[in-house]
Amino acid sequence: MPLFSRGFHGRPRRDIDPARVPPGQYVVDDFPVLSAGPTPRTAPDAWSFTIQGAVGEPVSWTWDEFAALPSETFTVDIHCVTKWSKLGTTWTGVSIDTLLEHADTEADYVTAWSDGDYTTNLALEDIMGGQAWVVHTFEGEPLEPEHGGPARLLVPHLYFWKSAKWVRGLTFTADDEPGFWEAAGYHNHGDPWREQRYWSD
Ligand SMILES: Nc1nc2c(c(=O)[nH]1)N[C@H]1C(S)=C(S)[C@@H](COP(=O)(O)O)O[C@H]1N2
Ligand SMILES: [Mo]
């Protein structure tokens, strides 16, 4: 007999380190799907990734070329502005640092753009230095279309709307240009530790 019964008062959670949960968030075990529109289905052989805009020369990779770039497997916590957080998610993809070795720019901002017209804006300083990736694998499996497959941006230190699903490229811009949710009232930066949810935050 276990010394302590689990009882009927709710399932005890596996140990959650409260220091990993930003203010106002709760931890989920499932993986909710949040999409502003229908799920685009771009086959890998029709997929490419492009860096363009305020760059010396635009650069583009096909799926096979992208798959040949050095990749990383890493485990991070993700935080959605609708208040769920998921701890310890493992992804494989190419870091933005690796991609930017192929681009020449003096611009400070990017707009990530996706199949289905979604955009989100990011400062370069938020996506360099091992902070952001284009990922194609989740928990060792190809990323499901609902979660952004064949590939999505992952910027785990910002609210999850910055992690554009079905991402197809980055456009460098001299000025910071609000993306889809940023133009609709979400915070321009979106740091979960500072609860930067909406414009007024
Ligand atoms: N292209 C695209 N990317 C997107 C979204 C979207 O609607 N379209 N939703 C964002 C929001 S608000 C969140 S919380 C996460 C949800 O990712 P998930 O569906 O894998 O949980 O994707 C972000 N990236
Ligand atoms: Mo979200």
Side-chain angles (χ1 to χ4, degrees), residues 34-74 76 78 89-183 188 190:
L34 283 97
S35 304
T39 296
R41 299 195 181 249
T42 302
D45 62 8
W47 186 91
S48 58
F49 191 86
T50 300
I51 296 177
Q52 61 184 24
V55 291
E57 287 290 328
V59 54
S60 200
W61 294 267
T62 65
W63 181 261
D64 288 342
E65 290 165 346
F66 198 83
L69 292 170
S71 70
E72 300 168 14
T73 297
F74 55 93
V76 292
I78 53 181
T89 60
T90 300
W91 307 82
T92 303
V94 180
S95 73
I96 299 297
D97 303 290
T98 295
L99 296 176
L100 293 188
E101 286 171 15
H102 302 265
D104 175 26
T105 184
E106 288 177 11
D108 290 328
Y109 302 96
V110 300
T111 293
W113 43 275
S114 298
D115 285 323
D117 284 347
Y118 188 84
T119 59
T120 189
N121 56 306
L122 294 143
L124 197 51
E125 65 179 14
D126 273 317
I127 58 172
M128 295 197 65
Q131 299 186 93
W133 297 262
V134 174
V135 294
H136 47 68
T137 299
F138 173 68
E139 309 289 357
E141 302 287 340
L143 183 60
E144 306 237 356
E146 288 74 14
H147 287 299
R152 78 181 295 164
L153 188 65
L154 198 77
V155 193
H157 77 103
L158 299 177
Y159 281 125
F160 208 30
W161 85 77
K162 296 283 187 182
S163 294
K165 303 197 278 190
W166 316 297
V167 72
R168 294 293 302 276
L170 301 176
T171 299
F172 272 92
T173 60
D175 299 317
D176 197 9
E177 296 175 8
F180 178 83
W181 282 119
E182 294 84 0
N188 192 58

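In this chain, numbering begins with 1 at the start of the sequence shown.
Closest of all the heavy-atom pairs between Thr98 and Pro70 is CG2-CD, 4.0 Å. Closest approach of Ala36 to Trp181, counting heavy atoms only: CB-CZ2, 4.4 Å. Considering every non-hydrogen atom in both Ser35 and Trp166, the closest pair reads OG-CH2, 3.6 Å. Residues Thr111 and Thr119 come closest through the heavy atom pair CG2-CB, 3.8 Å. Closest approach of Leu153 to Ala112, counting heavy atoms only: CD2-CB, 3.9 Å.
Not counting sequence neighbours, the partners of Glu146 by the salt bridge (charged side-chain N to carboxylate O under 4.0 Å, His left out) test are Arg41. In this structure, Asp117 has no side chain to side chain contact (heavy atoms under 4.5 Å, CB included) partners at least two apart in sequence or on a different chain. Applying the salt bridge (charged side-chain N to carboxylate O under 4.0 Å, His left out) test to Lys162 and every residue at least two apart in sequence or in another chain returns Glu182. Among residues two or more places apart in sequence or in another chain, the ring pair (Phe, Tyr, Trp, His ring centres under 6.0 Å) test is passed with Trp133 by Phe74. For Arg168, the side-chain hydrogen bond (donor to acceptor under 3.5 Å, both in side chains) partners at least two apart in sequence or on another chain are Ser48, Asp115. In this view, Asn188 and Asn121, Asp176 satisfy the side-chain hydrogen bond (donor to acceptor under 3.5 Å, both in side chains) rule, not counting sequence neighbours. Partners of Trp63 under the ring pair (Phe, Tyr, Trp, His ring centres under 6.0 Å) rule, at least two apart in sequence or in another chain, are Trp47. With sequence neighbours left out, Asp126 forms a salt bridge (charged side-chain N to carboxylate O under 4.0 Å, His left out) with no residue at all. By the side chain to side chain contact (heavy atoms under 4.5 Å, CB included) test, Ala67 is found to be paired with no residue, residues two or more places apart in sequence or in another chain being considered. Looking at residues two or more places apart in sequence or on another chain, you find a side-chain hydrogen bond (donor to acceptor under 3.5 Å, both in side chains) between Trp91 and Thr89. Applying the ring pair (Phe, Tyr, Trp, His ring centres under 6.0 Å) rule to His136 yields no partners; only residues at least two apart in sequence or on another chain are considered.
Interatomic distance, Glu141 CD to Thr90 OG1, rounded to the nearest 0.5 Å: 12.5 Å. Distance check: Thr73 OG1 to Glu139 CD gives 10.5 Å after rounding to the nearest 0.5 Å.
Considering only heavy atoms from C-beta on, Phe172 stays 4.5 Å or farther from Asp104 through its side chain. Within the 4.5 Å cutoff, no side-chain heavy atoms of Leu69 are placed close to those of Ser71. Two residues are said to be in side-chain contact when any heavy atoms from C-beta on lie closer than 4.5 Å; Ile96 and Leu170 meet this criterion.
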Return all side-chain donor-acceptor pairs below 3.5 angstrom for residues 51-61, not counting sequence neighbours, or 'none' if the list is empty.
from  : atom 1 : to     : atom 2 : distance (Å)
Gln52 : NE2    : Thr171 : OG1    : 2.9
Ser60 : OG     : Phe49  : O      : 3.4
Ser60 : OG     : Thr50  : OG1    : 2.9

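Using modelled atom types, one side-chain atom of Lys165 and one backbone atom of Leu34 make a donor-acceptor pair closer than 3.5 Å. Distance alone, capped at 3.5 Å, places no donor-acceptor pair between the Ser114 side chain and the Gly116 backbone.
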I'd like to know whether Gln131 forms a side chain to side chain contact (heavy atoms under 4.5 Å, CB included) with Val155, so could you lay out the CA-CA distance, the side-chain angles of the two residues, the decisive distance to 0.1 Å, and finally the verdict.
CA-CA 6 Å; Gln131 299 186 93; Val155 193; 5.5 Å; no
Going through the distances and angles, do Val76 and Leu154 end up as a side chain to side chain contact (heavy atoms under 4.5 Å, CB included)?
CA-CA 10 Å; Val76 292; Leu154 198 77; 4.0 Å; yes
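Taking a 6.0 Å sphere around CD of Glu65, one finds it holds more than 12 heavy atoms contributed by other residues, nucleotides or ligands.
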